[in-house]
Amino acid sequence: MKNLLKKDGVQSFVASLICILLGLLIGYIVLLFINPTGAGAAILEVLKNFFHYSKPSLQLKNFGNTLVKTAPLLMCSLSVLFCYKVGLFNIGAAGQYVAGACAGIYCALKLGWGWLPCLIAAVVCGAVFGVAVGLLKAYRNVNEVISGIMLNWIGLYLANMLLSGVKEVASPYTLHIKTEAAKALLPSLGLDKLFNGNQYITLAIPLSVLLAVAISVILNKTKFGYELKATGLNRNAAKYCGMAEKRNIIVSLAIGGALAGLGGALLYLTDYEQWLCTGSSVPGMGFNGIAAAFLGGLNPIGTIFSSYFIQHITSGGAFVDKTMYCSQISDLISSIIIYLCGFVLFIKYAMNKVIASRENKAAAAVKSDDVPAKDADETKGGEA
Amino acid sequence: MAENYAIEMLHITKRFAGIVANDDITLQLKKGEIHALLGENGAGKSTLMSVLFGLYHAEEGEIRKDGKTVEIRDPNDANDLGIGMVHQHFKLVECFTVLDNIIMGVEPNKFGFLQKKDARQKVLALSEKYGLKVDPDALIEDITVGMQQRTEILKMLYRDNEILIFDEPTAVLTPQEIEELMHIMKNLAAEGKSILFISHKLNEIMEVADRCTVLRKGKYIGTVNVKDTTMEELSAMMVGRNVSFHVEKAPAKPGEVLLDVSHVTVASKAHKNNAVKDVSLKVRAGEVVCIAGIDGNGQSEFIHGLTGLEPLVSGSITLLGKDISHLPIRKRNVSGMGHIPEDRHKHGLVLDYSLENNLVLERYFEPEFTSKAGFLKKKNIRAYAETLIDRYDVRSGQGPVTPARSMSGGNQQKAIIAREIDRNPRLLVAVQPTRGLDVGAIENIHKRIIDHRDAGNGVLLVSLELDEVMDVSDRILVMYEGEIVGELDPKQTTVEELGLYMAGAKRDEVSAE
Amino acid sequence: MLLLIQYTLIFASVLILVALGGCISEHSGVINLGLEGIMVMGAMGGALMLRGLPSTTSPFVIVLLTLCAAILVGVVYSLLLAVACISFKADQTIVGTAVNMLGVAAATVIVKALNTAANPDDVSSAVQYAGTKKAFLLKIGGFEFNWFMLIALVALACVYVLLYKTRFGLRLMACGEHPQAAASVGVNVFKMRYAGVLISGALGGLGGICYILAGTSEWRFENGVAGFGFLALAVMIFGQWKPQRIALAALLFGFFRALSNVYFGFDWLVSANIPGAVYNMMPYIISLLVLAFTSKRSRAPKAEGIPYDKGMR
């Protein structure tokens, strides 16, 4: 047991579990305050999501809907995760997602392109937004969080402006891709039949999972991943041993941007949603991606599950009893979970401390000249 | 009470997670004396002072002020007891003025509003009285290191501190500034202040201190009257044996020129002047050339320029006949340069990587370790790491998969040296390769360096330790204020002469040989 | 034209308040990315107070109680950020992001719950305060003066004095620049950072209520505050963490924001055919450019974003 707990992966998993349970608990308490009679039932509804329906056919269809939105979320969390491995906090994933969505929709509706070129356009636009952050970071030393935030809003207003040209006359939403640009719809590859004919099920879902696996391979098995992680862990050492750290920053943000941008297109090219051209806030998908990345223990495979979980409870919010609560309680719960994710390092630290103190008692006699190097790496600040 | 002590630390013991940093240490500071605290890096001096200053809490022992037991829980308590400290790394806010830094913590105020007028008068009066020249309105970031230190001293005086601690105050100063500081310290003691002077520089201790307490590896060794002792005796107490550890080595057989540095100038990050000015030097095959000098005279910047961490302002560098002046770091490394960096945590290691990943840090991209498709060959990396661990005796908890962070400093350094020397670079640049290590590790590393030389390679060593400079090198170049001011033969010169060059008291016109 | 000035001033007031909040928090060493969420919560506190007060209450009392409610909620809510970032050394970016999302979600849930409780058919997240809102306004000819313009000015003066003329300010800024130095002279870094974040919570809450009162007479909380918290961050950067400059930056960015609202009132702007989105984008683009050209000599507090650890020296 002790040895198992020492493994970083196990620790991450336990920490994430703690976050989820605490998040649900706090959510439950909030519900109790609002209306004590239905709180338990409401939490269950959120957790049940599509199991709300008793008919398997409806269950499947709604399971499909959850998956449709999981795919873009997974892409955003991969984007955040990938950049984080290089020591960059890609809060700009939200804007890159918007850029990708905008490019996909624009190319579909305005230019009448097919789905593949639309996806490529989305990838390119997302990457451009990422590279902008990367260039500013590498050559002008601009904090990537700040520039990312600025670009999120630039992206939002840019998308609103461009997509106003392809919106419905009577509403602020963009035209339906299904009716106006059918060839830009993502192919379903026959997967829709698995989900009781859910028309929104497309290649987006398998593609996003495949990419998660690919990211995992890149990070753990390749020279490129070795370099990226070294740069993230100690930028000075990476520079010292001749890694092109500036190039790595830019490349990783380009890839992160591409992933998030692809995520945008993977949602909107299913026609599951239409873009709201008067929106005044950046879509939360990118921010949820941050949550999923950290909840998944910053492991690409872990994020597949954490992304699904976050989307699962978000969708589940729709099923709560509207006479007592509103659907936003699931947003509330997921944002509490994100908040708690900020404590993951602390939870791990606490676990390690417990383990270490036990071990110390066992091995009290340590030679004084064998002092472990405790100095925290200056670039990373105090973690101890 | 037999003696009139200003402060006494009796039988102090402080442990960190299994390590005893201070083991039953006693230190008694008399009123009006300058008391030196001597010990090598890691001897426990800083820990002891942190205990006195309330930053750490000792598990055992007591502290007495004027004979009465006191408890010091935080720096405020220390301050209330009249204890002040000039930290090795100054505790100054760069974008504040000198005056703001001095008054911070004890600001004169009315209802929380600052009243700086009286404070300024007091600061000016103090600086006059003790000869501490400062401009109260200058920003810290704009003034010299010496003036920053004087600000720190004024901070203590402004608080009417009676017990002044100086933590290795001379490391960052120019010789003139050191002279000035010694003078100031004597002045302060004459005015009745009690001074604790932490140092590992024997000549300074001999010059100013009245008594000296020696620590070694966390243990109390003894306290002596300085005028009744000799440098040799203090040195023996500090290191534990009468070492003048001579490195066994054959005479150098200099061969062809490997490195030719010509008129190199490098900018400084700390100030607007150039840190390295028009430096020329050569390193030949089969010799160890040492750049000696007091810390902060441009050695680090020169090495950064040489290895490519910083760009050159002007000049050129030729390695094995190839101009590398503007090549990126990777190209320099594969052209035959190895670099043992000054700061192993900042540059030398990725602390959160495993040992094996650190051991291939300079070679991971070679075909041996990376396939054509860009995948790492983990088996080869493991095998190579195991070879190096074996050959260079790198000790760690779990072998190749040990996180570098959990290894001891000496073994971390051994890992770096293994990595750099095993690449068999024609030119090895070693910057303070033995910093902070114990004697056994130092000997091991010196032997590796000499072996590398004897294999027909060139070594450029940068060192602050005089013993190392004298024993390991075949040729000494002294760097002072960014220039090479002397070239010496270690067999024909003395430490005293070397010291004169390092202090800027003597200089030759040096040719670029 | 008067409308443009009016909008510029009111938006600038919002931005000044919130950016000053961000500025104080950063000077203490904590990057407060959660300003957006704090604004929403503060706005909720103020709005609920406005709705709850009978419109017969004297205007002065209305203003005072509303401000107090907004400040109180803002401060309490900012505790979330303070506890996580200062006591638990959590990553300030994650926590800030979470605080933003939580702000909108919590405000929506709370307001909806209150609405539904009052009237089971009401499932909206809107709070109406048409009657009491008038207390904040003063008609001067065609110009609608809003007390918040004065409040922002007062806040500006207060923050300036606080930072540069008081003991508190000196210590606060030391904690953001070099916390170890501050600690070595006995300043309690944790306390100062808490103070910094909580003050930013107060100012953020004020800014929030100011923002929603600027426009309509009801507010839907699902909409959050449309990125004003982030815009305030841009203002703070453009203002280089100095109150005087923040005021100027706020005026400039407020002007752009106002233009996007009222540009159709100007024939020559309409004929230029620039979409409103461009005006909305301008502040962010300007901030990015400023960052790109000044970051090498940025005056950002040096220790911001780095959790303070007693053991580190």
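The model shown is predicted, which means the values in this text are computed figures rather than measured ones.
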Heavy-atom cut-off 4.5 Å, strictly under: side chain, backbone, both or neither for Ile337(A) against chain C? neither
By a 4.5 Å heavy-atom criterion (distance strictly below it), what part of Leu33(C) contacts chain A: side chain, backbone, both, or neither? side chain
Region of Leu114(C) in contact with chain A, defined by heavy-atom distances below 4.5 Å: neither
Of the non-hydrogen atoms in Val235(C) and Ala249(C), which two are nearest, and what is the gap between them? O-CB, 3.7 Å
Could you check whether Phe11(C) and Phe228(C) have their ring centres less than 6.0 Å apart? yes
Could you pull out the closest heavy-atom pair between Ser307(A) and Leu73(A), with the gap in Å? O-CD2, 3.3 Å
Interchain contact, Gln92(C) with chain A, by part (heavy-atom threshold 4.5 Å): neither
Go through the atoms of Asn152(A) and report whether side chain, backbone, both or neither lie under 4.5 Å from a heavy atom of chain C. neither
With a 4.5 angstrom heavy-atom cut-off, could you sort out which part of Thr93(C) is near chain A: side chain, backbone, both or neither? both
Measure Leu332(A) against the heavy atoms of chain C and call it side chain, backbone, both or neither at under 4.5 Å. both
Look at Cys326(A), Ser281(A), Ser330(A) and state which one has the largest set of heavy-atom pairs under 4.5 Å with chain C. Cys326(A)
Should the ring pair Trp153(A) and Tyr284(C) be called parallel, tilted or perpendicular, given that the plane angle runs from 0 to 90° and is split at 30 and 60? parallel
Looking at Thr116(C), Leu233(C), Ile285(C), which has the largest count of heavy-atom pairs under 4.5 Å with chain A? Ile285(C)
Verdict with reasoning, Leu298(A) to Ser12(A), per side chain to side chain contact (heavy atoms under 4.5 Å, CB included): CA-CA 9 Å; Leu298(A) 292 167; Ser12(A) 300; over 6 Å; no
Heaviest contributor of heavy-atom pairs below 4.5 Å to chain A, chosen from Leu231(C), Asp91(C), Val278(C), Asn280(C), is Asn280(C)
Any donor-acceptor pair under 3.5 Å linking the side-chain atoms of Ser28(C) with those of Tyr194(C)? no
Counting only heavy atoms closer than 4.5 Å, note whether Ile290(A) contacts chain C via side chain, backbone, both or neither. side chain
Name the region of Ile154(A), side chain, backbone, both or neither, that has any atom closer than 4.5 Å to a heavy atom of chain C. both
Contact class of Ile336(A) relative to chain C, heavy atoms under 4.5 angstrom: both
Quick one: do the Gln180(C) and Ser184(C) side chains pair a donor with an acceptor below 3.5 Å? no
Is there a side-chain contact between Ser306(A) and Thr303(A) (heavy atoms, below 4.5 Å)? yes
Residue pair Ile149(A) / Val282(A), side-chain heavy-atom distance below 4.5 Å: no
Before we go on, tell me: are the rings of Tyr211(C) and Trp219(C) under 6.0 Å apart, centre to centre? yes
Which of Met282(C), Lys112(C), Glu36(C), Met281(C) touches chain A most, by non-hydrogen pairs under 4.5 Å: Met281(C)
Measure distances from Phe294(A) to the heavy atoms of chain C and classify the residue's part below 4.5 Å as side chain, backbone, both or neither. side chain
